[in-house]
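Data block below; observations after.
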Amino acid sequence: MSAATVAPAPLVREGNGFWQEFVARCKGHVESINAAASRHGYSQEELIEWRCDDHVQMMKSGFPSTAIKATIKFFGWGPLISGLVTGEQDPNLKFSAEEFELPIACDLDGEVVGVFDEGRSFSPQDLACYLTQNFRRCYPGVSLPC
């Protein structure tokens, strides 16, 4: 079943537009974080891996590790971005997993936003920043550029 048959056409366009900008912003943040970490002496194996197909995956392996996965789904009422943030400090200490869901909607100004936790709205840039900040725990002492 295609997205166009599930959600009304304007919501599909708005959701896809939000998603595409979000993906581009995440990729840019990953590249910036990797550049900053490299300047601080982190090796290629210690940098964030980026994957994007039907979902976004950003992963830093080794310890401390962080993995972020996000996907967009379309429902009869509209689009929804959902995902999961996981990680480990060391082999015996996992970070608490954080699930998130953001319905995509238009705010009162007509801007397309992701509605997060009790009505807080995120632009694609805000959401990318919010999620990539989880990599702070992987690079202590490095000022992340997002």
Side-chain angles (χ1 to χ4, degrees), residues 3-4 6-7 10-75 77-146:
V6 176
L11 293 175
V12 171
R13 281 192 309 274
E14 292 162 352
N16 280 328
F18 186 98
W19 177 254
Q20 293 304 318
E21 186 175 345
F22 164 71
V23 168
R25 297 293 185 145
C26 284
K27 184 176 184 186
H29 287 310
V30 166
E31 290 169 353
S32 296
I33 292 168
N34 283 344
S38 292
R39 284 191 301 273
H40 280 81
Y42 286 89
S43 68
Q44 185 68 33
E45 294 78 34
E46 296 172 297
L47 301 180
I48 302 167
E49 182 182 340
W50 167 263
R51 290 188 200 154
C52 184
D53 42 37
D54 61 336
H55 58 273
V56 167
Q57 280 189 294
M58 300 173 273
M59 300 160 290
K60 192 270 184 193
S61 51
F63 295 108
S65 68
T66 297
I68 301 170
K69 182 177 179 181
T71 189
I72 189 167
K73 298 176 186 168
F74 294 88
F75 298 94
W77 47 265
L80 174 80
I81 293 178
S82 61
L84 181 65
V85 180
T86 58
E88 296 178 295
Q89 180 65 37
D90 59 50
N92 299 315
L93 180 61
K94 290 185 178 190
F95 296 117
S96 295
E98 176 187 348
E99 293 182 59
F100 59 91
E101 289 189 328
L102 289 95
I104 305 302
C106 288
D107 67 8
L108 295 175
D109 297 334
E111 183 179 351
V112 179
V113 297
V115 182
F116 186 75
D117 196 31
E118 298 183 18
R120 181 174 175 199
S121 61
F122 279 162
S123 68
Q125 169 70 11
D126 295 336
L127 181 56
C129 284
Y130 176 78
L131 291 178
T132 55
Q133 288 299 311
N134 285 286
F135 290 107
R136 286 193 178 283
R137 61 191 177 201
C138 298
Y139 304 106
V142 177
S143 178
L144 299 186
C146 52

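These numbers come from a predicted model, not from an experiment. Sequence positions, counted from 1, serve as the residue numbers for this chain. Note that these values count all heavy atoms, side chains included, but never hydrogens, waters or copies made by symmetry.
Here the side chains of Trp50 and Asn34 are not in contact, with every heavy-atom distance at 4.5 Å or above. Counting only heavy atoms from C-beta outward, the side chains of Leu131 and Phe100 approach each other to under 4.5 Å. Using a 4.5 Å heavy-atom cutoff, the side chains of Leu127 and Phe18 are in contact.
Partners of Ala36 under the side-chain contact (heavy atoms from CB on, under 4.5 Å) rule, at least two apart in sequence or in another chain, are Arg39, Val142, Pro145. Arg120 pairs by the side-chain contact (heavy atoms from CB on, under 4.5 Å) definition with Phe122, not counting sequence neighbours. Applying the ring pair (Phe, Tyr, Trp, His ring centres under 6.0 Å) criterion to Phe95, with sequence neighbours excluded, gives no partner residue. With sequence neighbours excluded, no residue forms a side-chain contact (heavy atoms from CB on, under 4.5 Å) with Ser61.
The main-chain N or O of Ser43 is found under 3.5 Å from a side-chain atom of Glu46 such that the two form a donor-acceptor pair.
Pairs passing the side chain to side chain donor-acceptor pair (under 3.5 Å) check and including a residue from residues 131-146, sequence neighbours excluded, read Thr66-Arg137, Gln133-Arg136. Residue pairs satisfying the salt bridge (Lys or Arg N to Asp or Glu O under 4.0 Å) criterion with at least one member in residues 50-71, sequence neighbours excluded, are listed as follows: Glu49-Arg51. Within the structure, the side chain to side chain donor-acceptor pair (under 3.5 Å) test picks out the following pairs touching residues 86-101 (sequence neighbours left out): Glu98-Tyr130. A side chain to side chain donor-acceptor pair (under 3.5 Å) check over residues 104-115, counting only residues at least two apart or in different chains, returns nothing.
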Stepwise side-chain contact (heavy atoms from CB on, under 4.5 Å) check, Val56 with Trp19:
CA-CA 10 Å; Val56 167; Trp19 177 254; 3.8 Å; yes
Kindly determine whether Val113 and Cys106 satisfy side-chain contact (heavy atoms from CB on, under 4.5 Å), including the steps that lead there.
CA-CA 6 Å; Val113 297; Cys106 288; over 6 Å; no
Evaluate Ile104 against Val112 for side-chain contact (heavy atoms from CB on, under 4.5 Å), listing each step before the verdict.
CA-CA 7 Å; Ile104 305 302; Val112 179; 3.5 Å; yes
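Atoms CZ and CG, from Phe135 and Leu144 in turn, are 9.5 Å apart once rounded to the nearest 0.5 Å. Put simply, CD on Gln57 and CG on Leu84 are 10.5 Å apart, with the number rounded to the nearest 0.5 Å. Atom CD1 in Ile72 sits 9.5 Å away from atom OG in Ser82 (nearest 0.5 Å).
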Side chains of residues 21-31: which donor-acceptor partners sit under 3.5 Å, not counting sequence neighbours?
| residue | atom | partner | partner atom | Å |
| --- | --- | --- | --- | --- |
| Arg25 | NH1 | Gln125 | OE1 | 2.7 |

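The two atoms that bring Leu11 and Trp77 nearest to each other are CD1-O, 3.6 Å, heavy atoms only. Nearest heavy-atom pair, Ala37 versus Leu47, reported as atom, atom and distance to 0.1 Å: CB-CD2, 3.7 Å. Closest non-hydrogen pair, Leu80 versus Pro103, comes out as CD1-N, 3.5 Å.
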